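Keep in mind that the numbers below use all heavy atoms, side chains included, and drop hydrogens, waters and symmetry copies. The shown structure was predicted, so the numbers you read here are calculated from the model rather than taken from an experiment.
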Amino acid sequence: MKARIDDYALIGDEQTAALVGKDGSIDWLCLPRFDSGACFARLLGDEDHGHWRIAPEGADVCTRRAYRPGTLVLDTEWETADGAVRVTDLMPQRERAPDVVRIVEGVRGRVTVRSTLRLRFDYGSIMPWVRRADGHRVAVAGPDSAWLRTEPAVRTWGERYGTHSRFTVAEGERVAFVLTWHPSHERRPPLIDPYEALESSVADWRAWAGRCRYDGPYREAVVRSLITLKALTYAPTGGIVAAATTSLPENPGGVRNWDYRYCWLRDSTLTLGALLTAGYQEEAGAWRDWLLRAVAGNPADLQIMYGVAGERRLPETELPWLPGFAGSAPVRIGNGAVDQLQLDVYGEVMDSLSLARASGLSPKPHMWAMQRSLMKFLESAWRQPDEGLWEVRGGRRHFVHSKVMVWVAADRAVGTLERHPELSGDLEGWRRLRDEVHREVCEKGFDPERNTFTQYYGSRELDAALLLIPRVGFLPPDDPRVVGTVDAIRHDLGHGGFLRRYDTDGSVIDGLPSGEGAFLACSFWLADALHLTGRTREARELFDRLVGLCNDVGLLAEEYDPLGGCQLGNFPQAFSHIGLVNTALTLFGEDGAG
């Protein structure tokens, strides 16, 4: 039976991540970074595109699984006629090389277990040469090398272009498998002790999770979301990827399949706010510093996304040998939207840096000079049409959300100068810009007949991003135009009790075939907007339903299909988990903020 997107759990080492299915198979892993080529790509193809399954012989899916509380260590258990067995999966914090540790432990009786490892480098396209060396199985192809060992040793053999093991564990017995990657031109890195790695990983994750200041309702879901955000962080730079995967479909069988293994500026303010409020100053500071490095340079060259180390070239390519998840082709790596103009990102950057300054993160010497340069560019560029927040591929328009975020940029610049008169800047000019943008948006982006802001100037279409208008301070929550916009969006974009981003059915706005699920981040925004407009009971009811969409280990994808009852899009999705954290803090902050 083909897996669903929400059948997977995540393990990772804060430089890359793997997806583990309910059948005990690792079906996705990119090495050595999130955006590297995958050595396991069964997620987007079949077994011959690479996977690693450990499970009782003849078993199908597991009986139960769960993360150890407060960690990213996954326990998967099977009950069989002969007994019970547990597989513990983790990726320890790396010193030199990435390791995948899988520990098989007998729980009851005697259970025969099989391991099947098929390494396929470069997204399933390259079959490595496998040999024995020093008691290891060594796979090499081009720049990649991987070493497999067991402790204690069990017999392994090659068959059907895979490495196989078959062994029996009794109650209390353990067998650890360790897969280590390194560049093929380098010597094998030092071996780790898998059992020590397990103990230290559990202790480290629990110490990190214990720093969470939130102690209100849904704390378990909030902590799980924060752990997921930590797992999607590229530790060497502080960048946070949007998701661990590429090309998981927004519409099964369709073409809305994108690579999300990069860092989006649109997430910056919401991410920073979640980390700061929950008590993670160090991670917030690292994200702020990544942001400053990434956007450094000519303001006209500001991109909507960057690589995990701030790389700018992310060319989009299709991989024709992969059929895609549920036949959803094409499979893409890279993201062509990197070349789009999205004016909203200037507002996101200015808002993030304003929040960082206000929260007490130590300002960098060049930070304000960079912000002044961004504002200089916006003074003329803001009148241009752009592709908007959702990266439409149907042509540029004057998107209302983009203009609102230009207002945010000017407002935050003004506010910074008012609070810090020692800084230099064009205070009066930025005030005029702020007022001009506000006036134009209210004149050209508002439909008085329906009492709602619209997706772009002159349109009748709506956009869930307009729910952020009261959150960013463009208008107060009790303004009739805000209330009207919230009601119109809920009515027109509602989908099975949740919310779509915008209408894709019959619309030419994004230049793609119609159809996608409810967008989870937007649904969290709706809960926020309902609360801000005085409908807290409805907001909490919606939040409860959204938390109920988490899979059995607490993870959320980008979208949800209310008709099929399954998650859609790349997984797990940082934007969705940021939404969960921020909405919990919005709805219950007074009850649970430490």
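- Between Val349 and Leu265 there is a side-chain heavy-atom pair separated by less than 4.5 Å.
- The closest donor-acceptor contact from the side chain of Thr583 to the backbone of Gly579 lies under 3.5 Å.
- By the 4.0 Å N-to-carboxylate-O rule, Arg256 lies too far from Glu558 to be salt-bridged with it.
- Summarising the geometry, atom CG belonging to Leu520 is positioned 9.0 Å from atom NE2 belonging to His577; distances are rounded to the nearest 0.5 Å.
- In plain terms, the two heavy atoms of Gly336 and Glu316 that are nearest each other are N-OE1, 2.6 Å.
- Under the 30°/60° scheme for interplanar angles, the aromatic rings of Tyr280 and Trp208 are found to lie parallel.
- Here Glu311 pairs with Arg33 in a salt bridge; the nearest charged N to carboxylate O distance falls below 4.0 Å.
- You'll find the side chain of Arg68 reaches within 4.5 Å of the side chain of Thr88, heavy atoms only.
- When atom types are taken as modelled, the side chain of Arg545 and the backbone of Gly497 share a donor-acceptor pair closer than 3.5 angstrom.
- Arg471 places no side-chain N or O within 3.5 Å of a backbone atom of Ala529 that could act as its donor or acceptor partner.
- Atom OG in Ser247 sits 6.0 Å away from atom CG in Leu44 (nearest 0.5 Å).
- The CG atom of Asp339 sits 12.0 Å away from atom CZ of Arg312, with the distance rounded to the nearest 0.5 Å.
- A 4.5 Å side-chain heavy-atom check between Leu493 and Cys522 finds every atom pair outside the cut-off.
- If you check the side chains of Glu391 and Trp264, you find a donor sitting under 3.5 Å from an acceptor.
- Formation of a donor-acceptor pair under 3.5 Å by the Gln567 side chain with backbone atoms of Ala557 is found in this model.
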Q | Stepwise side chain to side chain donor-acceptor pair (under 3.5 Å) check, Thr269 with Glu348 | A | CA-CA 6 Å; Thr269 304; Glu348 294 289 359; 3.1 Å; yes

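- In this structure, His401 NE2 and Phe453 CZ are separated by 13.0 Å, a value rounded to the nearest 0.5 Å.
- Panel note: side chain Asp122, backbone Ser125; no donor-acceptor pair is recorded below 3.5 Å.
- A side chain to side chain contact (heavy atoms under 4.5 Å, CB included) with Thr317 is found for exactly one of Asp259, Ile333, Val331, namely Ile333.
- A cation-pi arrangement is present between Arg266 and Phe575 under the rule of less than 6.0 angstrom and at most 45 degrees off the ring axis.
- Ring pair Phe40/Trp52 is tilted by interplanar angle, where 30° to 60° counts as tilted.
- For Glu541, the CD atom sits in a packed shell: over 12 heavy atoms of surrounding residues, nucleotides or ligands are nearer than 6.0 Å.
- Ring planes of Phe588 and Tyr218: tilted class, angle from 30 to 60°.
- Val241 places a side-chain heavy atom less than 4.5 Å from the side chain of Val308.
- With a 4.5 Å cut-off on side-chain heavy atoms, Glu250 and Phe519 do not count as touching.
- With no hydrogens or angles considered, no side-chain donor-acceptor pair links Ser328 and Asn257 at under 3.5 Å.
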Q. Could you go step by step and tell me if Val486 and Leu530 meet the side chain to side chain contact (heavy atoms under 4.5 Å, CB included) rule?
A. CA-CA 8 Å; Val486 173; Leu530 289 171; 4.2 Å; yes

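- For Gln281, the CD atom is densely surrounded, since the number of other residues' heavy atoms within 6.0 Å is greater than 12.
- Between Ala584 and Phe543, the shortest heavy-atom distance links the atoms CB-CZ, 3.7 Å.
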Q: Output, in order, the C-alpha distance, side-chain angles, deciding distance and verdict of side chain to side chain contact (heavy atoms under 4.5 Å, CB included) for Ser576 and Leu549.
A: CA-CA 11 Å; Ser576 299; Leu549 300 183; over 6 Å; no

Q: Begin with the C-alpha distance, continue with both residues' side-chain angles, and end with the deciding distance and a verdict on ring pair (Phe, Tyr, Trp, His ring centres under 6.0 Å) for Phe325 and Trp28.
A: CA-CA 12 Å; Phe325 187 94; Trp28 182 255; over 10 Å; no

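- Here OG1 of Thr245 is found 3.5 Å from CG of Asn570. Values are rounded to the nearest 0.5 Å.
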**Q.** His49 and Asp46: CA distance, side-chain angles, deciding distance, side chain to side chain donor-acceptor pair (under 3.5 Å) verdict
**A.** CA-CA 6 Å; His49 293 114; Asp46 57 34; 3.2 Å; yes

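- Remark: side-chain polar atoms of Thr277 are paired, donor with acceptor, to backbone N or O of Gly273 under 3.5 angstrom.
- Two residues are said to be in side-chain contact when any heavy atoms from C-beta on lie closer than 4.5 Å; Tyr456 and Glu461 meet this criterion.
- The two residues Pro323 and Ala329 have their closest heavy-atom pair at O-CB, 3.9 Å.
- In terms of heavy atoms, Phe177 sits closest to Leu148 at CD2-CD1, 4.2 Å.
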Q: Apply side chain to side chain contact (heavy atoms under 4.5 Å, CB included) to the pair Arg94 and Thr16, showing each step before the final yes or no.
A: CA-CA 10 Å; Arg94 72 176 76 170; Thr16 191; 3.6 Å; yes

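- Looking at Leu90, Leu74, Val20 one by one, the single match for side chain to side chain contact (heavy atoms under 4.5 Å, CB included) with Arg102 turns out to be Val20.
- The pair Lys230-Glu14 counts as a salt bridge, with a side-chain nitrogen and a carboxylate oxygen less than 4.0 angstrom apart.
- At distances below 3.5 Å, at least one donor-acceptor pair connects side-chain atoms of Thr233 with backbone N or O atoms of Leu229.
- Between the side chains of Asn551 and Tyr8, no donor-acceptor pair of N or O atoms lies under 3.5 Å.
- Here the CZ atom belonging to Arg501 is positioned 14.0 Å from the CD1 atom belonging to Ile489, to the nearest 0.5 angstrom.
- Side-chain contact between Ile304 and Glu387 is absent, with no heavy atoms from C-beta onward closer than 4.5 Å.
- Phe121 and Cys39 get closest at one heavy-atom pair: CD2-CB, 3.8 Å.
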Q: Evaluate side chain to side chain contact (heavy atoms under 4.5 Å, CB included) for Lys403 paired with Leu343, printing each intermediate quantity in order.
A: CA-CA 7 Å; Lys403 307 299 188 187; Leu343 292 173; 4.2 Å; yes

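- In this structure, Asp27 contributes its side chain and Arg42 its backbone to no donor-acceptor pair below 3.5 Å.
- Of all the heavy atoms in Trp181 and Pro32, the pair that sits closest is CZ3-CB, 3.6 Å.
- Among Leu10, Asp7, Leu248, Leu43, the single residue meeting the side chain to side chain contact (heavy atoms under 4.5 Å, CB included) criterion with Phe571 is Leu248.
- Checked by atom type and distance alone, the side chain of Arg118 never pairs as donor or acceptor with a backbone atom of Arg53 at under 3.5 Å.
- Remark: side-chain polar atoms of Arg490 are not paired, donor with acceptor, to backbone N or O of Leu526 under 3.5 angstrom.
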Q: Report the C-alpha distance between Trp258 and Asn335 in whole Å, list the side-chain angles of each, state the deciding distance to 0.1 Å, and finish with yes or no for side chain to side chain donor-acceptor pair (under 3.5 Å).
A: CA-CA 7 Å; Trp258 315 108; Asn335 200 310; over 6 Å; no

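- In this structure the side chain of Ile240 reaches within 4.5 angstrom of the side chain of Trp287, judged on heavy atoms.
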